[in-house]
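Each remark here refers to the structure printed beneath this line.
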Amino acid sequence: MSQFSSRLISPSQRRAAPEQGGLLTGKDPTQFNLADPLRLWIIQVGIIIITTQVLSLGLRKLRQPRVIAEVLGGILLGAISVPFWRAAQLNRHPGPTAFGRIPGFSKHIFPSQSIPFLSLVANIGLCLFLFLVGLEIDTAIIRRNMRLSATVAAAGIVIPFGLGAALAVPLYKHFIDPSQVTYTHFMLFTGVAYSITAFPVLCRILTELKLLDTTVGIVVLSAGVGNDIIGWTLLALSVALVNAGSGLTALWILLVCVGWTLFLLLLVSRMLFWVARNTGSIENGPTMFFMTITILILFGSAFFTDVIGVHAIFGAFLAGIIVPRDGGLAIALTEKLEDMVSVIFLPLVGPIDSTRKPSLMVSRTIWGFTIAICVLAFAGKFGGCTMAARYAGFNWREASTIGSLMSCKGLIELIVLNVGLSAGILTTRVFSMFVLEALLLTFATTPTVSFLYPPHLRTRASATGSSFANIHDRKDNESGTGNRIKQDDESVWKHRFTVVLDKLEHLPSMMAITQLLRLPPPAYSQTESPSPSQSTGKGVEVPAHFGALRLIELADRPSDVMKSSATDALLHTDPLLAIFHTFAELNGLPVSSALSIVPFDALATSVGEHVRAQDTQLVLVPWLPSAQAPEITEAGAAQDHSPFDSLFRTDRSTSEVHSHFVRGVFAHAGTNVALLIGRAPFGVREQTHLFLPFFGGPDDRLALDFVVQLCANQRVCATVIRMTKHDVVPAPEAAHLTAEDKAEENARANGATIASVRSMTGFPDTMYGNATTQTRLQSETADGVTWARYATPSAANNTALGGALSRVTFEELASSVPLHAALHRACTLQHPIVVVGRSRRLAGEDHHAELRTLEGEHGAVRTDVRKTVGDVGTAFVMAGVDMNLLVMQAPGTHLD
């Protein structure tokens, strides 16, 4: 019995649990463990991602695509100088460069035993990336622009392929072993590498440079789609020939591949559309069941093309092409996958093809061949596509721009090169030469296009198809604006508005201010003489027209690029535009829509371009404070915060960024701008009260004109006070303030010509030069004329203004502390909308000293607030009043 017990116990005593202490027990976390490679894999991925992200931050300032950062990251790391799959086949460790030369770096961080695990993840990433590339390709673009794009696409394949085949002769003689690779295979692969165009990078460059709605952009986009499809087909043929043992085997591989492609396009695509329609994925986005089916098709297609002798990425590419495009399903599917692919998988693909051993720079012969590869690659694409575009009818500038864009290589050629290296067609030295060529051509695309095709020379396309109706940028583009209103240049009331929509929470305030403008007043001119179009003395009512401009920030995501190339569909499906259109139809307002998808730095510039194209008279820009929970006092009661507290005091991250955008609109709009700050639903009240403290200057005169125009609506009334600063007059009782601080009465008037200067933060703002006595007297005279136009008793007899002026109360107030007096007067009103002039130039008064007093009483606000809303607006922000604020700025091109 004892023997039996010992037999039972002794085995258990020998079974010791594996040690789990890890770092706490003194183990090296970078030590590779074949049974548990996760720790080292996390370290490797973390180093690669951090390196590529840091590089991309700097390259983004140069407007370069992210792929360059990924490849340069691999060069710096120098840890994986042979692709993962190729290194495993060759059973060799990658050669070190840069970080790889650090003692122990490659041995501990990228040991050769860990390469297969990174290889697996990289291959999965390649399949997912090529699936996303297939999703981006829309064959309908080719059908719409077949005549022009077919010529460019054909020239962009045939001529580069011929040059690549010619260059293959000396390359094959100097660098390729004839016993390993036949010349036919090498020549075919070199021609494919020369012919390929990076469609995803091309789409992003077109979007960032705002070329998608130009004739050049449309042709390049269509030609790029056709070029990619033919290029991947040639690549599949090349790999099939290499993997086949004989010509008959290669023919069978090609036929099976063609049969699989037809099976996906004709049968599986219809089945996938049926699944999408019956699961509601087209209307509501991809469901879990649809995502499951799609992923199975993706990896199933990749598996099939791999086992028949064609690379797996070709099957993944085909799976992306057959996904339905209806209802923006392809865009929604891309949004589901793109972040994981871009953050984790693609950074692993970049470093695998960046550095090679032996070194590239070892002889003049190698450098000579490298230069020849780069020159012929650019000459083939640029020359072929340029001549084809010129033959199609484009001028030389447009044709050369098309050639430059089509020469973009990007990550697509790097993937093609990796396929060639893994198939044994390329040596590491030839591979390095082609990698340098791909980087140089990709890097040169954006600056070359910007030089050849500046914005003022671009030709916009009003329609797609084989024939374009072209309108130059320097001319007004009247598409979507309805009938233009011809008015007297001296008209002071506005009838053409642009409403900027960027966030859903901004809609209520924009709809409210739009509703106040619903009943337009009759046209009125300063001379009070009938305009040429008026047949009677009563004037003609000019209907207000509203243009909704939807702004979407272009991020690094492929889905944003896809949206930018599908703006026509987004105009009808975007939720913000749909809501605003419904509101406009219910209120009988004429409205047109436009959509702009640009990087954040170009948002304000995009608004200015749209305003000039549509001849807008007033731009309405929203700014909503972020939500903030009410504060609970000691008594248990909830205390509401002022909306300005969350906007200008605590929520620095989002509000400061948005203030840069707002100041950019002020600087680049070139027309009247109204910034509406607040969230109260003032437009639905029975009576909306406006309050305007009038200090003088062009912005205050604009504010007065706009207040009177709003009062033409019977639901709007206003109180307008002309504020005057006098040092000898004590503070009025109404202000309940002392006159301890007496500011200098020195109008900060500025010159009559506008200049764009940079503030301390490096952001452009609208300022004027030093004032002169003449400009100051002119501004004061204009203030008096504007005030007399509305405030004198004779103004009420004007039939065009009588209705509006009957709802406006005019007052005059002199005080040594006018900001305090204006604040107190506003607080006596019931939730008014405070209308102020921004007055960053030609201001009527200097409020510096009084603002310092207010800062001591109520606390400081951020430094960018004053630059954004002006001195008077800053006073209301500091006081924390629970009111909506409307900041007006007049165009600064002349002294009005």
Side-chain angles (χ1 to χ4, degrees), residues 136-157 197 199 201-228 381-408 445-446 448-481 554 561-571 594-598 602 606 609-610 612-614:
E136 291 186 46
I137 291 180
D138 188 359
T139 56
I141 298 177
I142 301 179
R143 293 193 298 267
R144 289 197 300 265
N145 309 282
M146 177 64 71
R147 184 181 68 85
L148 292 177
S149 61
T151 305
V152 176
I157 292 177
T197 295
F199 182 74
V201 179
L202 182 63
C203 288
R204 181 162 188 88
I205 292 175
L206 290 173
T207 303
E208 290 187 348
L209 298 181
K210 302 178 184 178
L211 294 174
L212 282 174
D213 59 343
T214 63
T215 54
V216 168
I218 292 174
V219 170
V220 169
L221 197 65
S222 305
V225 172
N227 194 294
D228 254 19
K381 277 288 187 180
F382 179 83
C385 295
T386 299
M387 296 305 298
R390 178 61 180 165
Y391 174 78
F394 289 93
N395 59 45
W396 281 113
R397 182 178 294 275
E398 294 173 334
S400 60
T401 304
I402 293 174
S404 300
L405 288 167
M406 292 296 292
S407 65
C408 179
T445 300
T446 299
T448 303
V449 173
S450 300
F451 172 77
L452 291 174
Y453 205 41
H456 66 280
L457 296 177
R458 293 173 184 174
T459 303
R460 304 288 169 183
S462 61
T464 58
S466 57
S467 59
F468 294 99
N470 301 329
I471 303 175
H472 286 277
D473 275 3
R474 55 182 173 266
K475 298 180 182 179
D476 288 340
N477 183 358
E478 301 185 5
S479 59
T481 62
L554 177 65
V561 180
M562 295 172 67
K563 291 177 182 177
S564 63
S565 60
T567 53
D568 292 340
L570 283 177
L571 284 174
L595 188 142
S596 179
I597 304 178
V598 293
S606 178
E609 293 175 355
H610 175 82
R612 287 187 290 273
Q614 304 301 319

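For the single chain, residues carry numbers from 1 onward in sequence order. As the structure is a prediction and not an experimental result, all values here were calculated from the model.
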Distance, nearest 0.5 Å, that separates OG1 of T197 from CD1 of I157: 7.5 Å
Which of these passes side-chain contact (heavy atoms from CB on, under 4.5 Å) with V152: T386, V220, V219? V219
Give, for atom CD1 of I402 and atom OG of S149, the distance between the pair rounded to the nearest 0.5 Å. 10.5 Å
Closest non-hydrogen atoms of A155 and G384, given as atom of the first, atom of the second and distance, are CB-O, 3.4 Å
What are the two closest heavy atoms between M406 and K381, and how far apart are they? O-CD, 3.4 Å
Could you tell me which residues satisfy ring pair (Phe, Tyr, Trp, His ring centres under 6.0 Å) with F199, sequence neighbours excluded, listed by chain and number? none
Got F394 and T401 here, is their nearest side-chain heavy-atom distance under 4.5 Å? no
L571: partners by side-chain contact (heavy atoms from CB on, under 4.5 Å), with sequence neighbours left out: L577, S593, L595
Where do G156 and C385 come nearest, in terms of heavy atoms and distance? CA-SG, 3.5 Å
Just jot down the side-chain contact (heavy atoms from CB on, under 4.5 Å) partners of T448, sequence neighbours excluded, or say none. S404, A444, L452
Applying side-chain contact (heavy atoms from CB on, under 4.5 Å) between L206 and each of V216, T214, L221, report the one that passes. L221
Using the side-chain contact (heavy atoms from CB on, under 4.5 Å) criterion, which residues pair with R397? Sequence neighbours excluded. N395, Y453, P454, L457
Identify, with sequence neighbours excluded, every residue that meets side-chain hydrogen bond (donor to acceptor under 3.5 Å, both in side chains) alongside T446. none
How would you list, by chain and number, every residue that makes a side-chain contact (heavy atoms from CB on, under 4.5 Å) with A154, sequence neighbours excluded? none
Might you point out which heavy atoms bring L405 and L202 nearest each other, and give the distance in Å? O-CD1, 3.3 Å
